[in-house]
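All of these numbers come straight from a predicted model, not from anything done at the bench.
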Amino acid sequence: MVKAMAIRFVSSLGVILGSSILVFCVLYVLPGDVVMNMIDPSTMSPEAIANLRHQLGVDRPFIEQFTTYFSHVLALDFGKSLVSSEPVLPKIITHFPATLALTAAASLVSVAVGLVLGVLSAIHRNKPIDIIARIVGLFGISMPTFWSGILLILIFSVFLGWLPAIGSNGWQTLVLPAVTLGMLGAGFIVRMVRNSMLEVLGEAFITTLRAKGLMERSVMYRHALRNALIPAVTMLGILIGEMLAGTVVIETVFSRQGIGRIIADAIMAKDLPVVQGVILFSAIVYVLVNLLVDISYAYIDPRVRRFQS
């Protein structure tokens, strides 16, 4: 078990470093000029603009910029913002709790709605609850988050006045963004849990348990559900990465001050250190979450633990 986790940890480091390299290369070739976004060209001479580019280091060759960036990444130094000269890492750490709260709340919504509807859908196959669950799953997958977020704002903030539409202070401001982002994950989990449960319920050991007289509730929730959870847990690990990426849209729609809003503003200004820092930080979080998912397999299914050992 320890050896398997060590191998996954080493491979995770490779993923983090590879993602940092890819991000730098992609952002380097994108069109735009951070210096032109910072100043009014009509008020500065070409010499002053060239001097500013030299001070920021954006006029250096690709290899030199990449070497400097990569050496800083290895030292966990995300650099400074080209626009505000503010250190990137403290800025990310300051705004990350808001994004973490949103992602955690959205994950709870996804698990609660997806797990309950997925299990009920499998148990009551082709009945009204199954149809409702599949409709909810299809709605969650198909509806763009920016559109569903606007709909929720119109219904619960504008028409009903129950919840605030914007902001990031207090749990009330977290409800609508979390539901908007969580329904996306719930749609996938509903379908995954339903299909896994139906597959497990068709296994021979389920028939054996019923033949021995075990209560149906115990068969469903103690044996069938536990065996069907691994695909759902894998999907949740992937969805957390999707949710971290989705915070860019959600935090913009609901005017929340998180790292998604930071990266959206940095992309518009082509503030490369901020964009690179946020993406690298998100990649680290995503890799750590998937490590926890891998560890959870052994506790959900003992066969995985025996195989890894």
Side-chain angles (χ1 to χ4, degrees), residues 99-149 151-152 155-156 163 171 174-203 206 216-217 219-247 249-250 253-254 260 285-286 288-297 299-301 304:
T99 299
L100 179 62
L102 174 57
T103 304
S107 299
L108 289 177
V109 172
S110 297
V111 172
V113 175
L115 194 61
V116 170
L117 290 183
V119 171
L120 292 177
S121 179
I123 294 175
H124 304 284
R125 185 179 184 182
N126 296 327
K127 294 182 179 179
I129 186 63
D130 181 27
I131 298 174
I132 293 173
R134 284 187 284 177
I135 291 175
V136 171
L138 182 62
F139 176 84
I141 295 172
S142 304
M143 186 69 70
T145 53
F146 71 87
W147 179 247
S148 57
L151 287 179
L152 290 179
I155 295 172
F156 294 100
L163 294 167
W171 65 268
L174 186 62
V175 174
L176 293 182
V179 172
T180 302
L181 192 56
M183 287 307 297
L184 172 66
F188 288 100
I189 293 178
V190 165
R191 301 181 68 173
M192 180 65 69
V193 172
R194 180 182 185 274
N195 294 336
S196 299
M197 279 288 291
L198 290 175
E199 183 178 349
V200 172
L201 290 175
E203 297 287 341
I206 296 294
E216 187 66 16
R217 182 182 298 273
V219 172
M220 290 293 178
Y221 299 107
R222 183 178 178 183
H223 297 279
L225 179 58
R226 186 172 183 180
N227 283 274
L229 274 181
I230 286 185
V233 171
T234 304
M235 177 60 69
L236 179 62
I238 297 172
L239 286 174
I240 288 178
E242 295 285 339
M243 291 177 186
L244 283 173
T247 58
V249 176
I250 296 300
V253 171
F254 291 94
V285 174
Y286 181 56
L288 291 176
V289 167
N290 278 272
L291 277 176
L292 293 177
V293 169
D294 289 341
I295 294 173
S296 69
Y297 291 160
Y299 293 95
I300 296 174
D301 191 346
V304 176

Working to the nearest 0.5 Å, report the span between CZ of Arg125 and CG of Leu120. 15.5 Å

Partner set under salt bridge (charged side-chain N to carboxylate O under 4.0 Å, His left out) for Arg134, not counting sequence neighbours: Asp130

Of Leu151, Ile250, Val249, the residue whose pairing with Phe146 passes side-chain contact (heavy atoms from CB on, under 4.5 Å): Val249

Measure the shortest side-chain to side-chain distance between Asn195 and Glu199 over non-hydrogen atoms and say whether it is less than 4.5 angstrom. no

Minimum heavy-atom distance between Pro177 and Phe254, given as atom pair plus value: CG-CG, 3.7 Å

Show me, pair by pair, the donor-acceptor contacts under 3.5 angstrom made by side chains of residues 109-117, not counting sequence neighbours?
residue : atom : partner : partner atom : Å
Ser110  : OG   : Ala106  : O            : 3.0
Ser110  : OG   : Gly182  : O            : 2.7

Atom CD1 of Ile189 and atom CE of Met183: how far apart are they, to the nearest 0.5 Å? 11.0 Å

Examine distances only and state if a side-chain atom of Thr103 and a backbone atom of Leu100 form a donor-acceptor pair shorter than 3.5 Å. no

Spatial distance of atom CG (Leu163) from atom CG (Leu176) [nearest 0.5 Å]: 5.0 Å

